[in-house]
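Remarks on the structure that follows.
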Amino acid sequence: MAFGSLLPPAPAERRGIPLYYDKSEDETRRDVYERYDELVARQTALHLADEINDGYPFQPLVDYMRTWLPHREQLAVADLGCSVGRLIGDAASEHPSWDCYGLDFSYQMLRQARDYWVLGETVSANLLRFGYTHDSFSGKRLPNLHFALADAATLPFPDGSLDLILNTFLIDRIPDPLAAFQEWKRVLRPGGRLICVSPLNFLKREQWETYHPPIKLIDPLVRAGWQLADLTDPLFLEEPMDRRGNVVRWRTLAMVADRV
Ligand SMILES: C[S@@+](CC[C@H](N)C(=O)[O-])C[C@H]1O[C@@H](n2cnc3c(N)ncnc32)[C@H](O)[C@@H]1O
């Protein structure tokens, strides 16, 4: 199958990015991840700026994922909530025969991602205000990677079409994680795998009540038929904040679950 062919024709498109969700102006205004100078800059500093970070700050996350990646020549993979596309970009780059997709709800994140990973442009973000010495990073041209705007809980993929779903720092940002897991089950083929890493840093009191401690999230998944291949808690990750070396330390839960 041709790269990108799992995405059906989109109802709309903006500058090469298919839009599977009709995001209103109000939703866009309220979405912090659409703020280029704040959140897109932060994600660029974290994920695309290895040269100013002395390596990739989330390397322990990559190492964890590598342990659990299926070893297959052909694979259809999606990263949900991919932001500027680092994880799926690295996967597409290391595995040129894989059919790779990065989906996010933020057009600005996706634009940065596509410019960098697909169009091979030099992208910039205002990082000088964090003390860094430069703020532009030259991209790649990966033919096996496609980005699209969609809600992670309503995906454009056909039933049973994906072999692997990744998502990191996403499930505490979506309103109904269990409904999203249902949707991920729909698009995974039987035997397909989900790798999910999250600090479970929920934003709403009701979500803390429903999903903390994490067993309250894991139990329903097992009951819904997911087979847990791994549960690692905690997996600590550090996100750099500035040139001085201040960091945010995330206590994440990492999980590998197979669709039976
Ligand atoms: C905290 S950032 C994490 C980004 C990246 N995966 C990482 O590990 O750093 C959350 C990302 O999820 C996206 N997001 C939030 N809600 C979403 C949803 N319902 N569907 C798809 N993406 C979503 C945001 O736009 C943002 O890019």
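Residues: numbered from 1 along the sequence shown. First listed ligand is number 1; within each ligand, the first listed atom is number 1. Reckoned from all heavy atoms, side chains included, excluding hydrogens, waters and symmetry mates.
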(request) May I ask you to check if Arg243 and Phe130 form a cation-pi contact, with NZ or CZ under 6.0 angstrom from the six-membered ring centre and within 45° of the axis? (result) no
(request) May I ask you to establish whether Arg86 and Phe58 are in a cation-pi arrangement, using a distance under 6.0 Å from NZ or CZ to the six-membered ring centre and at most 45° from the ring axis? (result) no
(message) Could you tell me if Thr28 and Glu34 have a donor-acceptor pair between their side chains, going purely by distance under 3.5 Å?
(response) no
(request) Report the residues that fulfil side chain to side chain donor-acceptor pair (under 3.5 Å) with Asn126, sequence neighbours left out, ordered by chain and then residue number. (result) none
(request) With sequence neighbours left out, write down each residue that passes side chain to side chain donor-acceptor pair (under 3.5 Å) with Gln227, or none if nothing qualifies. (result) none
(message) Enumerate the salt bridge (charged side-chain N to carboxylate O under 4.0 Å, His left out) contacts for residues 129-153, please, sequence neighbours excluded, ordered by first and then second residue.
(response) none
Note every protein N or O atom lying under 3.5 Å from an N or O atom of ligand 1, pairing the names and giving the distance.
residue	atom	partner	partner atom	Å
ligand 1	6 (N)	Gly81	O	2.7
ligand 1	6 (N)	Thr168	O	2.8
ligand 1	6 (N)	Thr168	OG1	3.0
ligand 1	8 (O)	Thr168	O	3.3
ligand 1	8 (O)	Thr168	OG1	2.6
ligand 1	9 (O)	Gln43	OE1	3.3
ligand 1	9 (O)	His47	NE2	2.7
ligand 1	19 (N)	Asp151	OD1	2.9
ligand 1	20 (N)	Ala152	N	2.8
ligand 1	22 (N)	Phe105	N	3.3
ligand 1	25 (O)	Asp104	OD1	2.5
ligand 1	27 (O)	Asp104	OD1	3.2
ligand 1	27 (O)	Asp104	OD2	2.7

